[in-house]
Amino acid sequence: MVVSTYPAPTKAEGVTPTEESPIARIERLGHERPANFTTAWKEIIFVFSISMSQLLTDFFVSGFTVILPTLIRDLDIPQAASVWPATAFSLVIAGTLLVFSRLGDMYVGSAIFFGGLAWLLLWSVVAGFSVNPIMLDICRALQGFGPAAALPTGVMLMGSIYRPGPRKNLVFAIYGTSAVFGFFGGCVGQFLRWGFFFSIGAILTAVTLCTSYILLPQKSVTKSGSTTMDYPGAISIVCGLVLTVFAITQSAHAPSSWRTPYIPVCFSLGILSLCAAFYIELRIPPQPLLTASMFATPALKPLLLALFFLYGAWGVFPVYGTLYFQRIMGATPLQVVAWFVPLGVAVLFFSVLKGLILHIVPGRVVLIASGLGALGSQLLLALIPVGGNYWAWIFPATILSTIGIDLSTMYMSVFITTALSTSQQGLVGGLMNSVLHLGVVVVLGLTDIIQSATFEEQGLGPSYKNTFWFGVACGAVSLVLMAVWGKLPAAKSDMTADEKAEIAREARPETQNPKMIARWGCRVDVYASLPEPDREYIWICAPS
């Protein structure tokens, strides 16, 4: 009898042990192009379309920060409202991701993906013609519904199509890498009117929509009878997140800070709504948005919290780093983009590297390296002097930030999509992206409070430095969480969660029969006797 870390193939694949051993088959399937793509070009276009949804989101998040000083000047945006053009977009995304995730599981995922891109295209065009801060804020908020629909359904499509293994690792590496390049769209602020930023975003969105429509599955939009919307949970989660983050962010610029009446009222209502959501998700709906099974995966909750702080620290880098470089160090928007060019080069290098080694390197090593990168990046920004040399301070900070944000988010995306079933892939995408974007808006809201509170007493430059030190604290918390709870396996070729669940069902004593060993090529009776934690990774195969 052979002990294997790879389960046997499913009966749907119709392969017997005499044709191919279970280990060899799982390894081969982890490297092969999915059967959904008859040619390599179809797979390339698919990966391009899904990755562009990530790039466009970051284009309108971090790329927007490059033109923000220009917008503040041209639209005469007051200091008290300067945070909202950047925050409104991420706040809407974070608040509604879980709702669109469930819609993706209820209906055809590609249809929700198309709708999100079309909505983003519409409001990107309108935003380019904004004539005052209020119109800009409304357009930015409405823009956010587009990525909120496209991001989770994109992850759902990738997670459903690709099996665990090196090929899936590489595809998710490309997907994660694409986000960083969105930042460079902000360079148009140096040469063109800021409205062209939205025009370029609209053109990129239109190209993505066209390529997606050509390739992605074209099915009728029919409601799944087995999946329903959790309306009480959706309403309470959205209201709770929006009100709480609004209160935190706006408190820095309210007339009397937290003593302004509407700030504690919104904050209290938001917390009460989140508490109600917690009760609803545990007690009321038959199909809650956040099921207990999603969090049954070992160490998932502390690692999601680690990503929350890590991505929040990353949010400090492009926003306050850009403001510090331009307002304190005197850099132009073009110089800022040029200073961040190594970020893109490093991302390309690490993406290829990740795709090649992620199935070899243990998860804890990947996560700790990511935490060290995030911490080191923020520390360099906090210590940089006004006339600091680019190569000594900013260049290594950009490289470390790439390591920090890229390694952990990509590994965790692969880990979570592999651990959960196909029916939960939409919520998986929503959960991951919601945590990341919430990290950005919450941490930026807190840093805005810190910067505003210390501006008058210490001056503009030191107030920006205080935000970097807060980023250091967030990076340190993230590093500790990943070091303690990051004991995860390498992302090797493996069975899908659905296949493991099918084996577990077949292993029940009441379903066993003599044909089972021949069908699976494995000792189901021995598997059934294993403790539950061991069944996730161990399958005992009979000799072929």
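Please read all numbers here as calculations on a predicted model, not as lab measurements.
Nearest approach of Ile384 to Ile394, heavy atoms of both residues: CD1-CG1, 3.7 Å. Nearest heavy-atom pair, Met135 versus Ser130, reported as atom, atom and distance to 0.1 Å: SD-CA, 3.5 Å.
Distance check, rounded to the nearest 0.5 Å: OG1 of Thr96 to CG of Leu91 gives 9.0 Å. Interatomic distance, CH2 of Trp84 versus CG of Asp137, reported as 8.5 Å (0.5 Å rounding). Distance check, rounded to the nearest 0.5 Å: CD1 of Ile50 to CE of Met156 gives 9.0 Å.
Counting heavy atoms from C-beta on, the side chains of Pro302 and Val484 never come closer than 4.5 Å. Contact annotation: the side chain of Leu307 approaches that of Leu436 to within less than 4.5 Å [non-hydrogen atoms, C-beta and beyond]. Using a 4.5 Å heavy-atom threshold, the side chains of Arg140 and Phe60 count as touching. Within the 4.5 Å cutoff, side-chain heavy atoms of Leu444 are placed close to those of Tyr320. With contacts defined as side-chain heavy-atom distances shorter than 4.5 Å, the pair Leu383/Trp469 qualifies.
Tested against Phe267, the residues Trp258, Tyr262, Phe246 include a single ring pair (Phe, Tyr, Trp, His ring centres under 6.0 Å) partner, Trp258.
Using modelled atom types and a 3.5 Å distance limit, the side chains of Ser370 and Ser408 yield a donor-acceptor pair. Counting only N and O atoms by type, the side chains of Thr467 and Gln451 include no donor and acceptor under 3.5 Å apart.
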Practice problem: Carefully, step by step, assess Phe64 and Phe59 under the rule ring pair (Phe, Tyr, Trp, His ring centres under 6.0 Å). | Solution: CA-CA 7 Å; Phe64 181 80; Phe59 177 89; 9.7 Å; no

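Remark: Tyr324 engages Phe468 in a ring pair (Phe, Tyr, Trp, His ring centres under 6.0 Å) (not counting sequence neighbours).
Between the side chain of Ser463 and the backbone N or O of Gly459 there is at least one donor-acceptor pair closer than 3.5 Å.
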